Amino acid sequence: MPASIFSALCSRFGEQLFHEQLTRDETPTIWTPQGKIVPVLEYLRSEADQPYRMLYDLTAIDERACKSKYNGTCEFTLVYHLFSFERNAFLRLKVALRGEFPSTPSVTHIWPSANWYEREVFDMFGIRFDGHPLLRRILMPTTWEGHPLRKEHPARATEMGPFRLFPEKEDREQEALQFDPEEWGLQRQSDDSDFMFLNIGPQHPGTHGVLRIILQLSGEDIVDAVPDIGFHHRGAEKMGERQSWHTYIPYTDRIDYLGGVNNNLAYLLSVEKLAGIHIPQRAEVIRVMLCELFRIASHLVWYGTFAQDVGQLSPVFYMFTDREKIFNIIEAVCGGRMHPNWFRIGGVAQDLPQGWDKLVREFVQYFPKKLKEYDKMVMRNAIFKARTVGIGVFSLEEAIDWGATGPNLRACGMDWDMRKKRPYSGYEHYEFDIPTGQNGDCYDRAVVRVKEMWESLRIIEQCLNNMPEGPYKSDHPLATPPVKQYTMQDIETLIHHFLHVSWGPVIPNGEAMIVTEATKGWNSYYLTSDGNTAPYRVRVRTPSFAHMQMIPYISRGYTVADLLSILGAMDYVLADIDR
């Protein structure tokens, strides 16, 4: 790791306090004493040279069942991932926690984005954060017993016994649903005020998924807002602990279910980094082409539904028709459509079929005309502009404080795209620009996404014209499974095929996290292996979770009608929030 980071911490706080850990992804990883974590984070956030201004993620690991844990004295590990734009580097801080239900200081006074991350760690692991303003469950119901990501918590419904709704349980659940503003952090006003509380959701239209937002209103003006998430929570991280490294791939498709293979890529890059697998060039180009097709497909859903949110009905039908053209290509190549589950450890499932280039070329030639048509229909529409210009504004500093990434960050003027700044899968070989906005409002967020579709077309065309020959999967023994035709000729390959299909590959000890530029922002899978056929810990960091946490902050002072514009411009997916 760069000596300057570790040396700066040792110089400031004392050399004996910190310990470096080497990791597979080569991210600087520093063990920090629990009593020093708050001043260390304050120093890194504001005082250090080239500071780490963004809290990218905060999670925990239950170490009690790990066969080869790095720190043998702790029951839990708290993990902070920070990012420095000036250094273009991540930093991983670890804190050893001891005891069955440990506690640690809250850092919500350093980063507002820490609020939800700490609540999630409390909900999933039972770790308390002293000084947190509202430490309550965030994904699970308030009546849930236990903390799902602790190792003693069941991983399957069959381990929990049949569900029975006894009258006493029904009464308890109904009582828990009663709304009390103080429990949600809202302040009840005096009886003679015009303030009222309004529930929006949980329903799909207008909220883009099963989401509930509690509004505190003064007339039509929003005084405060509280998103109630968790309705779509399916335990994706817990399922990662009971699936093999290979069989977990289809589960990733359902995270950002509009992003398709982009989910596979974020997961597989981390697996491949752990295993030391090199990806053939042809497989990399195929992956990039499919990811960019899905980026356009996802943006088309956002484009049409956003226009619908602010009053235009026609665009969504036109844009979904064009999305079907992309799905026709995906289906011809992968066999699936929304969730093709097509990327594999070490490459892709099959080679490109005959005629793939004709389908892609037809789309590349067809789509620019449609984008120009939609620009006139939506972006230049006076009503659309009236509903979006100057609405939901946040600055670049606020975006970084809240962990905003992707188009929402670039709409504030920062040309930061992981495909350019920290290239992966060969993105450094492609020519494309990074669209940015200036005002950080709903309209600029729309402008950035529309321009991104043009850039994705450029990348796809380069893939089309420069598709290399060669294998579509790595010949590394941990790439699962080997190419089928070789199993009939070589007994070693046949044995590997049998073991990988039966048990899955055994990934070496270690941890890794590769961050990708997904359709909605930065996405990553922080994976921990203890040398088994399944991950010991799967942490899914999604952009939508951070973006939804911003909604109360950027909605105050606007109207209920403006809220729909703000929600639509954020471009989130509930499965990407809840996982």
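Quick caveat, the model's predicted, so the values are computed rather than measured.
- Here the two rings, on F394 and W402, have centers that are 6.0 Å apart or farther.
- Ion pairing of E118 with R128 is absent here, as no side-chain N (NZ or NE/NH1/NH2) approaches a carboxylate O to less than 4.0 Å.
- For Q438, the CD atom is loosely surrounded, since the number of other residues' heavy atoms within 6.0 Å does not exceed 12.
- Within a 6.0 Å sphere centred on NZ of K420, heavy atoms belonging to other residues, nucleotides or ligands number more than 12.
- Of the possible polar contacts, one joining the R24 side chain to the N509 backbone as a donor-acceptor pair under 3.5 Å is found.
- Sparse packing is recorded around CD of E431, with 12 or fewer heavy atoms of other residues, nucleotides or ligands lying under 6.0 Å away.
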Donor-acceptor pairs are to be reported for all side-chain atoms of residues 271-281 against protein atoms at under 3.5 Å, with residues two or more places apart or in another chain.
{"residue": "E272", "atom": "OE1", "partner": "R287", "partner atom": "NH1", "Å": "3.3"}
{"residue": "E272", "atom": "OE2", "partner": "R287", "partner atom": "NH2", "Å": "2.7"}
{"residue": "E272", "atom": "OE2", "partner": "G346", "partner atom": "N", "Å": "2.9"}

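- Put simply, the side chain of D530 does not reach to within 4.5 Å of the side chain of R537, judged on heavy atoms.
- Other residues, nucleotides and ligands place no more than 12 heavy atoms under 6.0 Å from the OH atom of Y553.
- Looking only at side-chain heavy atoms (C-beta outward), D253 and N263 stay at 4.5 Å or farther from each other.
- Counting only heavy atoms from C-beta outward, the side chains of N408 and K520 never approach each other to under 4.5 Å.
- Between the Y424 side chain and the E517 main chain, a donor and an acceptor come within less than 3.5 Å of each other.
- The main-chain N or O of R150 is found under 3.5 Å from a side-chain atom of K238 such that the two form a donor-acceptor pair.
- Under 3.5 Å, the side chains of S544 and D576 contain a donor-acceptor pair of N or O atoms.
- Here the side chain of N262 pairs a donor or acceptor atom with the backbone of G259 at under 3.5 angstrom.
- Under the 3.5 Å distance criterion, with hydrogens and angles disregarded, a donor-acceptor pair is assigned to the side chains of Q243 and Y251.
- Counting only heavy atoms from C-beta outward, the side chains of C10 and F18 approach each other to under 4.5 Å.
- Residues D25 and S270 have side chains not in contact (no heavy-atom distance under 4.5 Å, counting atoms from C-beta outward).
- Side-chain atoms of E455 never come within 3.5 Å of backbone atoms of F432 as a donor-acceptor pair (strictly under, hydrogens ignored).
- Residues passing the side-chain contact (heavy atoms from CB on, under 4.5 Å) test with S524, sequence neighbours excluded: Y56, M513, V515, R541.
- Between R53 and E86, at least one side-chain nitrogen of the basic residue sits less than 4.0 Å from a carboxylate oxygen of the acidic one, meeting the salt-bridge criterion.
- Between Y248 and Y267, a ring centre-to-centre spacing shorter than 6.0 Å is recorded.
- Judged as a side-chain contact (heavy atoms from CB on, under 4.5 Å), and not counting sequence neighbours, the contacts of L396 are I400, L409, C412, M414.
- The main-chain N or O of K421 is found under 3.5 Å from a side-chain atom of N88 such that the two form a donor-acceptor pair.
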